[in-house]
Every structure is written in structure tokens, then in C-alpha cells.
Amino acid sequence: MLKSPAGRIGIMGGTFDPIHYGHLFAAAETADELKLDKVIFVPTGAPPHKKYKEMAGAIERYEMTLLAITGNERFEISRTETDRLGLSYTLDTLTAMRAMYPQSELFFITGVDAILDIDKWKNPFEITLMCTIAVVKRPGYDNARLCKLPGEIRSSVYVVGTPMLDISATDIRHRVSAGRGVRYLMPESVRAYIEKNGLYSIMDGESI
Ligand code: ATP
Ligand code: MG
């Protein structure tokens, strides 16, 4: 069968507040293992399950993501969620990607923490019909619970074998607000952006 130029496309959604090496390594490793032609990072606009008033703005998260992927020719970024007003749902993003890449095979890359919440997603079953869900394990999460996902979801799930990095954006925000260093947890360009723009520094510890 003929393949389109970008035949296998990974989609990495996230708040990326901020983006860190955990995300970048997960995307790169999944791309290698599943032989993806590219991975498109899709920073969320206003995510449905987060207390978004404490987050960096959509433009700042988009810019940090753009800085982070610069230099990797397999990585791209999409504004599909950040340009949309209101809530962003994975299903809407996949629908937009399907329209943009009608011939491609789509892989939605997500961490085990996010997939275990799939019952809170909009129309999870429809999502499974549109893509393969490439799940990366995360240290500190109960990866074995993947077996408990409903069968119709599980049949669309591919579990990436490589162990991932124990880095989270929550921890990074805490560290910045506490004045601790975040060097080596993310590309230096992103760290410098956080510093220059004063992100995460004035934060009420209770509300993150
Ligand atoms: P937060 O702590 O704010 O939730 P996060 O580090 O979990 O941030 P998100 O933007 O919520 O980052 O995650 C986007 C996607 O990347 C999710 O599917 C999440 O599971 C995955 N992910 C985040 N961190 C890692 C990591 N260290 N290794 C593998 N996957 C990750
Ligand atoms: Mg998260």
C-alpha cells in the first residue's frame, strides 16, 4: 500500500507547563519504537481537568514547547488547541489532525497517569477508533493498572517498553517557586525562558 510522506504520526498532547525532558524523551523513544515519521506536540489551551488559573498562559506554554523542540527535525508543534477558545478535548484534536492528515496513521502518545483517567475523557471509545494510543509508563504510577482498562480501550493501546524519566512539571513548578534550580530537567532554552518571564515564581504553595 502507498504511504503518504508522513505516514505515521505521533501526537503528544499536554499542558507542557512547562515542557521538560520527560516529555521529550517519551516522544523520541515512542517515535523510535513505533517508527513514527514525526511527532506533533499539541499544547493545550484551557485543559478540562486542570485548575488552569495557576498555569502559565497558553502562549507562554506554546513558546516554551517551540523552544524545546527546536533542532529535532522529527518534532513539530501545532496551535490547534492553543488557538481554540474554551476547553480542549483530545477527541477534537484528533479530529483536527485526521482532517489535516487524511492518509496517515495516528498515534496518540500519553503517559500511564493520563490513560488511567480515560473515563474522564470525552468519548474515549471514539478516540480508540481514530488512533492507536501509545502509552508510556511513568515512574511512581501503578503501571500494572493498565490491564484493568476496559477491553475496548485496551485493544487500541500499545505500551512503550522503555522506562521513562521521573520528571514532572508539578515538581518543576514547586522547585521554581521555592527558588531551587531546575537546570538539567529541561532544555536550557526553556529554563532561561522561565527565568526571563518570571514564571512560577509567585505561587501560593497550596494551590498548585
Ligand atoms: P503536571 O505535573 O503539571 O501534570 P506533567 O509533567 O504530568 O505535568 P503534562 O503536560 O501533564 O506533564 O503531560 C503531558 C503528557 O506527557 C501526559 O500524557 C503525561 O502522562 C506525559 N508525561 C509527563 N511527564 C512524563 C514523563 N516524565 N515521562 C513520560 N511521560 C510523561
Ligand atoms: Mg500531568
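Residues take their numbers from the sequence shown, with the count starting at 1. When a ligand or atom number is given, it counts from 1 through the structure's own listing order. Predicted, not measured: the structure shown is a model, and the values here were computed from it.
- Taking 4.5 Å as the limit, some side-chain heavy atom of Val135 sits within range of a side-chain heavy atom of Ile133.
- The hydrophobic cluster containing Met100 also contains Ile9, counting ILVMFWY residues as joined when their side-chain heavy atoms lie under 4.5 angstrom apart, directly or transitively.
- The pair Asp32-Arg74 meets the salt-bridge criterion, since a charged nitrogen lies less than 4.0 angstrom from a carboxylate oxygen.
- A cation-pi geometry, defined here as NZ or CZ lying under 6.0 Å from the six-membered ring centre and within 45° of its normal, holds between Arg79 and Tyr62.
- At under 3.5 Å, not a single nitrogen or oxygen of Asp166, backbone or side chain, sits near a nitrogen or oxygen of ligand 1.
- Close approach of ligand 1 to Gly14 (heavy-atom distance below 4.0 Å) involves ligand atoms 10 (O), 14 (C).
- Between Ala114 and ligand 1, no N or O atom pair is found at a separation short of 3.5 Å.
- Residue-ligand proximity, Met12 to ligand 1, at heavy-atom distances under 4.0 Å covers atoms 16 (O).
- Sorted by first and then second residue, the pairs that involve residues 11-35 and meet ring pair (Phe, Tyr, Trp, His ring centres under 6.0 Å), not counting sequence neighbours, are Phe16-His23, Phe16-Phe41, His20-His23.
- Applying the 4.0 Å criterion to heavy atoms of Arg173 picks out, from ligand 1, the atoms 3 (O).
- Under the 4.5 Å side-chain heavy-atom criterion for Ile, Leu, Val, Met, Phe, Trp and Tyr, Val159 and Ile153 are members of the same hydrophobic cluster.
- Residue contact check: Asp113 has heavy atoms under 4.0 Å from atoms 19 (C), 20 (O) of ligand 1.
- Distances below 4.0 Å separate heavy atoms of Leu165 from the following atoms of ligand 1: 26 (C), 27 (N), 28 (N).
- Defined by atom type and a distance below 3.5 Å, a donor-acceptor pair is present between the side-chain atoms of Tyr158 and Glu33.
- Geometrically, ligand 1 and Ile109 share no nitrogen or oxygen pair separated by less than 3.5 Å.
- In this structure, a donor-acceptor pair under 3.5 Å is present between the side chains of Arg173 and Thr170.
- Annotation: Thr110 places an N or O atom under 3.5 Å from an N or O atom of ligand 1; distance criterion only.
- Every atom of ligand 1 is numbered from 1 in the order shown, and the set under 4.0 Å from a heavy atom of Met164 is 28 (N), 29 (C).
- The shortest N or O to N or O distance between His23 and ligand 1 is below 3.5 Å.
- The distance from ligand 1 to the heavy atoms of His20 drops below 4.0 Å at these ligand atoms: 6 (O), 24 (N), 25 (C), 27 (N).
- Every N/O-N/O distance between Val112 and ligand 1 stays at or above 3.5 Å.
- Among the atoms of Gly13, none of the N or O lies under 3.5 angstrom from an N or O of ligand 1.
- With sequence neighbours excluded, the residues that form a salt bridge (Lys or Arg N to Asp or Glu O under 4.0 Å) with Arg183 are Glu188.
- Those atoms of ligand 1 that come under 4.0 Å of a heavy atom in Val136, given as number and element, are 29 (C), 30 (N).
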